[in-house]
Amino acid sequence: MALKWKSIRTLACVLSASAALGSTALAADAPRVQLTVATDAPGPEISRHLFGQFAEHLGTGIYGGIWVGKDSKIPNTRGIRKDVVEALRAIKVPNIRWPGGCYADKYHWRDGIGPQARRPKTLNPDWGGVIEPNSFGTHEFMDLAEQVGAEAYVSINVGSGSVREMAEWLEYMTSAKPSSLAQERVRNGAAKPFKVPLLGIGNEVWGCGGSMTPEEYAAEMKKYASFAVNFHPDQQKEGQKMRRIASGPNRDDYRFTEVVMRHVKEHALYSWGIEGLSLHSYTGLDKWPPSHPATDFAESEYMAILKATLDMETFVTKHSAIMDRYDPEKKVALVVDEWGAWYAPTAGSNPSFLQQQNSQRDAILAALNINLFARHADRVRIANIAQMINVLQAMILTSDTGIVLTPSYHAFKLYVPFQDAKLLKSQHDGQPFKLADTELPRFDSVAARGRDGKVWVALTNVHPTEPLTLQLKAGTATAARGETLTAPRFDSVNTFKQPQLVAPKPITARQDAACGCLVLDLAPASLTVVSLD
Ligand code: AHR
């Protein structure tokens with residue numbers, strides 16, 4: 001029997017205690033959560049840029065992971081790995097932040113242009129002091145962005161660079177007019193100017209970017225923002241202008257946000273401005289050096305890491321509240337351009353290369369963060385997981401013979417329909433649970449109306465070992481289908497030997513006349529994304 005539900009205009013009227021619902025269609029022993037989605041009142045846009053990536057000159061994040069050179073046996077297009085590009089295209093990477101990270105404040109763009117053989121060999125002081133061949137520079141990065149279909153997010157050097165160096169780099173990249181710098185770019189192979197939609201003004205200026213106080217940085221930021229001129233003809237148009245993103249606070253450094261935003265407000269009448277303020281927060285750095293295990297961990301570790309990642313909710317809420325005071329119109333986006341898990345390095349790897357495995361827990365961690373960014377979509381409009389390839393919570397692990405897609409990659413793929421979708425209100429009656437002295441939400445979700453017109457719902461069963469029966473009510477929906485990312489265990493990983501251990505599988509909801517809802521069986525520690533009919 002096809003179910004007909006009244007259009008849901010208020011959430012409260014449809015919620016009922018799950019215990020009161022009885023149905024033979026439900027798994028007898030799995031706890032039930034009822035989720036109600038209000039399908040008729042779209043909220044703010046969940047910017048596709050929340051699904052941004054970060055590629056730093058760090059370990060094998062660039063060299064080996066992306067850039068193998070034109071003469072490599074690894075199939076490549078102009079030196080860039082084909083397998084990696086193909087996989088990244090499938091998750092519709094909206095932007096790639098480059099060249100750092102800490103490396104950005106050591107990077108001098110002139111080292112990375114011109115004939116490969118003439119580029120200087122420099123050192124990478126933050127990441128093992130290794131030789132940096134500079135084979136991957138501005139043109140190669142722009143080629144990568146184009147091959148992937150992503151926008152360029154260029155982080156400029158504030159810490160050891162200069163306003164002039166930044167201004168010249170921007171002119172080199174973006175000028176269509178034949179200035180000497182633009183002609184040099186043409187001679188180096190790019191007849192057309194590059195677009196730079198996103199510009200980072202320094203990185204972690206309170207730390208590796210120059211150890212500045214917020215007051216010191218605010219003075220620098222004003223100068224850099226004033227002279228950050230993008231000459232690209234298309235980027236003069238409203239809606240396409242370059243967004244300047246100031247280096248922002250670490251985690252709970254609310255004073256940093258306060259000081260920078262006060263300067264933004266006080267100087268808003270003048271010609272300079274910023275369109276974004278960055279926030280960095282990693283999960284797992286309560287121990288230094290990082291020592292939480294990435295694999296073979298116990299339930300207590302699963303609980304502790306997911307609990308810690310939810311600190312992001314507090315950080316985003318509190319930084320947003322400060323920004324609201326100085327920028328009530330929300331012109332300046334909160335840009336979480338470094339987030340993700342940071343664990344003990346893979347045994348046998350160079351610890352400076354920040355290589356780690358990536359488990360089903362990390363897919364859940366990613367989902368929890370994406371959901372909360374989406375719920376703050378009015379202020380959080382850009383985010384970049386750290387990092388894209390082979391480093392920290394990577395999407396892809398590479399070797400000379402192939403690639404492995406991590407559980408985090410699959411999570412990002414499941415969320416593709418949420419890119420530029422409109423947030424929908426939803427409410428559930430899931431109760432927190434406790435294990436190993438740690439309390440976590442039992443269930444988490446986000447709903448949106450996609451650009452395809454469909455209602456999409458992402459459902460996370462947070463419990464590491466117990467399934468969950470989800471009762472879903474959403475407008476007049478009578479069917480839901482999509483994919484579910486489950487794993488044999490919460491610490492399961494994909495490896496070169498077993499690359500498909502964690503991979504999405506189709507899932508279809510069943511109708512339940514007794515509850516007047518759709519029912520989905522959610523496996524332990526799983527992420528499910530369905531669209532509704
Ligand atoms: O992502 C690794 C490093 O973490 C980045 O270079 C830096 O910005 C942060 O501290």
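Note that the structure is predicted; figures quoted are calculated from it, not measured. Counting starts at 1 for both ligands and their atoms, in listed order.
Taking only nitrogen or oxygen atoms, main chain and side chain alike, E56 reaches within less than 3.5 Å of ligand 1. For W342, no nitrogen or oxygen atom sits less than 3.5 Å from a nitrogen or oxygen atom of ligand 1, counting backbone and side chain alike.
Side-chain contact annotation: N134 with T122, donor-acceptor N/O pair under 3.5 Å present. Side chain to side chain, T309 and T283 meet the donor-acceptor criterion of an N or O pair below 3.5 Å.
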(request) Using the ring-ring contact (aromatic ring centres under 6.0 Å, His included) rule, take W206 and Y217 through it: C-alpha gap first, then chi angles, then the decisive distance, then the call. (result) CA-CA 8 Å; W206 37 263; Y217 176 64; over 10 Å; no
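Contact atoms of ligand 1 toward C102: 5 (C), 6 (O), 7 (C), 8 (O) (distance under 4.0 Å to a heavy atom of the residue). Atom numbering of ligand 1 starts at 1 in the shown order; those under 4.0 Å from a heavy atom of E204 are 7 (C), 8 (O), 9 (C), 10 (O). Ligand-side atoms of ligand 1 in range of L392: 1 (O), 2 (C), range being under 4.0 angstrom from any heavy atom. Counting atoms of ligand 1 from 1 in the listed order, those under 4.0 Å from a heavy atom of W127 are 3 (C), 6 (O). Below 4.0 Å from some heavy atom of F54 lie the following atoms of ligand 1, by number and element: 1 (O).
Under a cutoff of 6.0 Å and an axis angle of 45°, R97 and Y153 form a cation-pi pair.
Summary of contacts: the protein heavy atom closest to atom 1 (O) of ligand 1 is Y282 OH, 2.7 Å. For atom 9 (C) of ligand 1, the closest non-hydrogen atom on the protein side is E338 OE1, 3.0 Å.
Between F418 and Y415, a ring centre-to-centre spacing shorter than 6.0 Å is recorded. Aromatic pair F373/W339: ring centres closer than 6.0 Å. Taking the six-membered ring for Trp and the full ring otherwise, the centers of W67 and F141 sit at least 6.0 Å from each other.
If you look at Y103 next to ligand 1, there are no close heavy atoms at all, none under 4.0 Å. The side chain of N203, and not its backbone, has at least one atom closer than 4.0 Å to an atom of ligand 1 (non-hydrogen atoms only; side chain from C-beta on).
Two residues are said to be in side-chain contact when any heavy atoms from C-beta on lie closer than 4.5 Å; H292 and F297 fail this criterion.
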